[in-house]
Structure formats: C-alpha cells, structure tokens
Amino acid sequence: MSRSPPLPDQPTLEIDPDMTDRERLAALREHFADIVEVNATLEERLDDARERRENLREEVDKLERENETLKTTSLYVATAEELTDEGIVIKQHGNNQEVLTEVSPKLREQIESGDRVAVNDSFTVQTVLEAEKDARAQAMEIDESPDVTYDEIGGLEEQTREVREAVEQPLENPEQFETVGIEPPSGVLLHGPPGTGKTMLAKAVANQTDATFIKMAGSELVQKFIGEGAKLVRDLFELASQREPAIVFIDEIDAVGSKRTDSKTSGDAEVQRTMMQLLSEMDGFEDRGEIRIIAATNRFDMLDRAILRPGRFDRLIEVPEPDEEARRRILDIHTRDMTIADDVEFDELAKATEGKSGADIESLATEAGMFAIRDERTEVRQSDFEDALEKMDESDETGIVTDGSLPSYAY
Ligand SMILES: Nc1ncnc2c1ncn2[C@@H]1O[C@H](COP(=O)(O)OP(=O)(O)OP(=O)(O)O)[C@@H](O)[C@H]1O
C-alpha cells in the first residue's frame, strides 16, 4: 500500500512586542492565509482517505460474499433459459426443474440465455460457468499428430497387420474398396488385458495416416460428465468430421456398452442413452468420410452384443499379453535410450517377466533405472532389473500399483 505524504506543519504566528500595529496586522493576515492553505490540504487528504475507506469497504464486502459462496457447499448446475425483468428463468440439469430466480446486477450483465450457471440451494445464481466446450475439451484428448510408430510396438505383428488393413487402408486407398465393391469395416474393437498396447496401436495408425487422433474414455463419459454423455458422443463425432481424416478412439467402451441390466436406476438410464447415441452415430456413419473408429476394452465379456452387430464394431482384434519373444522386444524398445551394463541378460529377463504387460515392462525399465540412480551409477545392471522385478512383484501382491490405478485383472 502506498504511504501518504507527511502532514503539513502547523503554521505558527510570529508576533514581536516591538511590532507596529500595521506590522502585526500583516503578520496576522499572513498567518490566516497559511492556516487556510493547511486547511485546504487537510480537507483534500480527508477526501482521499474517505474514498480509500469506501474502496476498502467494497473490497471487504466482495471478499465476504466470495467467502460465503465458498462456504456454501455444493452448487447445482443449470442453464439460463430466459432473462426477464423479474429475474432469470433457469432449468436445473438432472431434474429439468424450471425456476425463476435472482441474480446480482453485475452477474446478470455476464449472462446470456443458454449459458450454464451454478446455483445455490435457494437457486440464486452464483457464477457463470465456462462454455460447454470446456467439458468437451476435458472429455476428449485430441492429438493432431501422435508420434507413436509401429516399430515402437513390441510383438502384436498380426494385430498390427489387421488394424492396418481395417483402418489404414480404407483411409489411404478408399478407391481400392470401391473397385472391389466392398465396404471397409466400420469399427475395430481391440480387446485384451490392460497395458498391452491397444492405445499405442490406435495412435500408431493415426500417425501413419496423418489422421487426427481423438480419444474419449468411456468411464469418464459416465462418471465425470453425468448427464452429458450422449451429447459428448455427438460432439465427438462432430469434432471428428471437422478434423478429417480422423481416428476416433473410444477407450474402455465397456463403461458405456455393457450388457443391459434390468435395473431402472437413473445412472443406468444415462449409460443407456450414451450407448444409444454411440450406436446411432455409428449407424449413420457411412457418409461421414474419412473417419475411422477404434474402441478398446479389457472387459470383452461384459459387452452388449448390440455393439458388435455388423456395421458397428465388426472387426474384433484380440490384443493378448505379450509372449516371451514379444517381452524381449518390448524390453529392447524401452531400454533403447538407457545405458545398459554388459551383464544385463535380456533373454533371462524376458523369461522372468511372464504374465507382465507391455506397460509393466516399461515401468520395470524405469524402476531399474531408478535403482541405478539411487546407487549413484549411470549404468543400469542386471541386479537393478532384478530388484525392480522383485519390487514390482511385491506391490502386485499388496495390490499397490505404481501408476496409482487399481489392478484390473478382470479380463
Ligand atoms: N506391445 C507394447 N510394446 C511396447 N510398449 C508397450 C506395449 N504395450 C504397452 N506398452 C507400454 O505401455 C504403455 C501403455 O500402453 P497402452 O496405453 O497402449 O495400453 P492399453 O492396452 O491401451 O491399456 P489400457 O487397456 O489400460 O488402456 C504404452 O505407452 C507403452 O509405453
């Protein structure tokens, strides 16, 4: 805060007993003029101080209001439907209840009908939410040019060939399909245990074909964006058609495409709506041009068969856990940039990692590197890999997984 200038000195009256009346009058006049000047200065300062106090009071009010807002627990999301002289008509998400409510004049200036707002328990509008495209941006990962290449994928030669045939060829040589007179497969479903390279495979095809890679996680659709799943699916396909050629990758499709249950809870209904939207987008897909869809799941058994009908995900590709040869190759790939000591026996490590996925082998290499660093070495030895493996097996037993996710062996 800026410091105020010092107050002016109090004027002093200097009267000498030897002064004539005229001199005394002059001195008094001068003193009076000084006092008037000091008074004006003080008055000016007082005005400044009042103004400052007013500003501070406003600031305190604002902070108090903000504090109040923060203290009130959850807010509800609603859409501002209509701005009237009496207030704002909002429609609450979830129950579609319409309410005429109040809003501060300042907030009102920022609201247009159609905006999403947050309201408190008494429906008073508290804030205007960012445009919905934010939910869309959050729900989708868009990668204009993924950098994964086929040679970074260990094993999966047959799967790579199939994916290239079903996705890459229709994008690169559509006329080949026309000439032969067949429709390319609509959607490809990769199924297999977690961390085996399904996402990598989809990214590699996008890279190879210069397609935009747009990923959406099924679990987020139903958990994070409750009430918006169907709309986000629509947005996903709209976005893809704006970014052609594009590869739409739907990870964890089981979250929206599980077998229908008989329960009628609203959560299930929401999942159903999301899935119906997905199916209808896929059915109307032929005219969409250069968009291919790849989905992935590690719960193949749970999938609703409707998803697998012809014209939908009709090319099923199993992505299994890597065998010994594939593990050897994955070890090579993930230790490519590491300084490896001569004593490291990759063949032996490939044997010892039976049951591990590609993602596990990647963390094994990183962990072995960490052991070397802890020991202040730059070269990674066989013993580092062995220690890392032991640590990994221990955490498998305790169920603690290094990347923070829960182990999922449902496959
Ligand atoms: N076959 C593989 N070759 C090389 N690296 C692999 C392979 N499989 C997995 N990885 C490594 O593990 C990471 C995770 O793999 P990815 O995301 O492709 O698995 P996913 O099958 O899609 O898993 P999830 O089902 O959990 O989504 C990759 O970034 C890569 O570093």
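No hydrogens, no waters, no symmetry mates; every other heavy atom, side chains included, goes into these values. Numbering starts at 1 and runs along the sequence shown. All ligand and atom numbering here is 1-based and tracks the order in the structure.
Which of Leu156, Leu190, Thr199 comes nearest to atom 22 (O) of ligand 1 through a heavy atom is settled by distance: it is Thr199.
For ligand 1 and Thr196, the ligand atoms under 4.0 Å from any heavy atom of the residue are 1 (N), 8 (N), 9 (C), 19 (O), 20 (P), 21 (O). Of all the atoms in ligand 1, the ones that sit under 4.0 Å from a non-hydrogen atom of Ile330 are 1 (N), 2 (C), 3 (N), 4 (C).
For atom 27 (O) of ligand 1, the closest non-hydrogen atom of the protein is Asp251 OD2, 3.3 Å. Taking atom 12 (O) of ligand 1 as the reference point, the nearest protein heavy-atom neighbour is Ala359 CA, 3.1 Å. For atom 25 (O) of ligand 1, the closest non-hydrogen atom on the protein side is Lys198 NZ, 3.1 Å. What sits closest to atom 13 (C) of ligand 1 on the protein, heavy atoms only, is Glu362 OE1, 3.6 Å. The nearest heavy-atom contact from the protein to atom 4 (C) of ligand 1 is Glu152 O, 3.3 Å. The single protein non-hydrogen atom nearest to atom 26 (O) of ligand 1 is Gly195 N, 3.4 Å, given as residue, atom name and distance. Closest protein heavy atom to atom 6 (C) of ligand 1: Met200 SD, 3.4 Å. Distance from atom 10 (N) of ligand 1 to its nearest protein heavy atom, with residue and atom name: Gly358 C, 3.6 Å.
By the 3.5 Å distance cut-off applied to N or O atoms, Ile153 is not counted among the residues near ligand 1. Looking at Gly154 next to ligand 1, an N or O pair under 3.5 Å apart turns up. In terms of polar-atom proximity, defined here as any N/O pair under 3.5 Å, Gly197 does make such a contact with ligand 1.
Electrostatic pairing of Arg329 and Asp151 does not count as a salt bridge here, judged by no charged N lying under 4.0 Å from a carboxylate O. In summary, Arg50 and Asp47 engage in a salt bridge, as defined by a charged side-chain N under 4.0 Å from a carboxylate O. The pair Lys351-Asp347 does not count as a salt bridge, with every side-chain nitrogen at least 4.0 angstrom from each carboxylate oxygen. Between Glu367 and Arg374 there is a salt bridge, with a side-chain nitrogen of the basic residue lying less than 4.0 Å from a carboxylate oxygen of the acidic one.
Taking each heavy atom of Ile15 and Ala27 in turn, the nearest pair found is CD1-CB, 4.4 Å.
Geometrically, Arg29 does not engage Phe32 in a cation-pi contact, judged by NZ or CZ lying under 6.0 Å from the ring centre and within 45° of the ring axis.
Take Phe313 and apply the ring-ring contact (aromatic ring centres under 6.0 Å, His included) test, not counting sequence neighbours, and it matches no residue.
Applying side-chain contact (heavy atoms from CB on, under 4.5 Å) to Arg161 and the options Glu157, Gln159, Arg164, Glu158 leaves one that passes, Glu158.
Residue His334 places a heavy atom under 4.0 Å from ligand 1.
For Asn298, every heavy-atom contact with ligand 1 shorter than 4.0 Å involves the side chain, none the backbone.
The distance from the CG atom of Leu349 to the CD1 atom of Ile330 is 13.5 Å, given to the nearest 0.5 Å.
Using modelled atom types, one finds a donor on one side chain and an acceptor on the other under 3.5 Å when comparing Glu168 with Tyr150.
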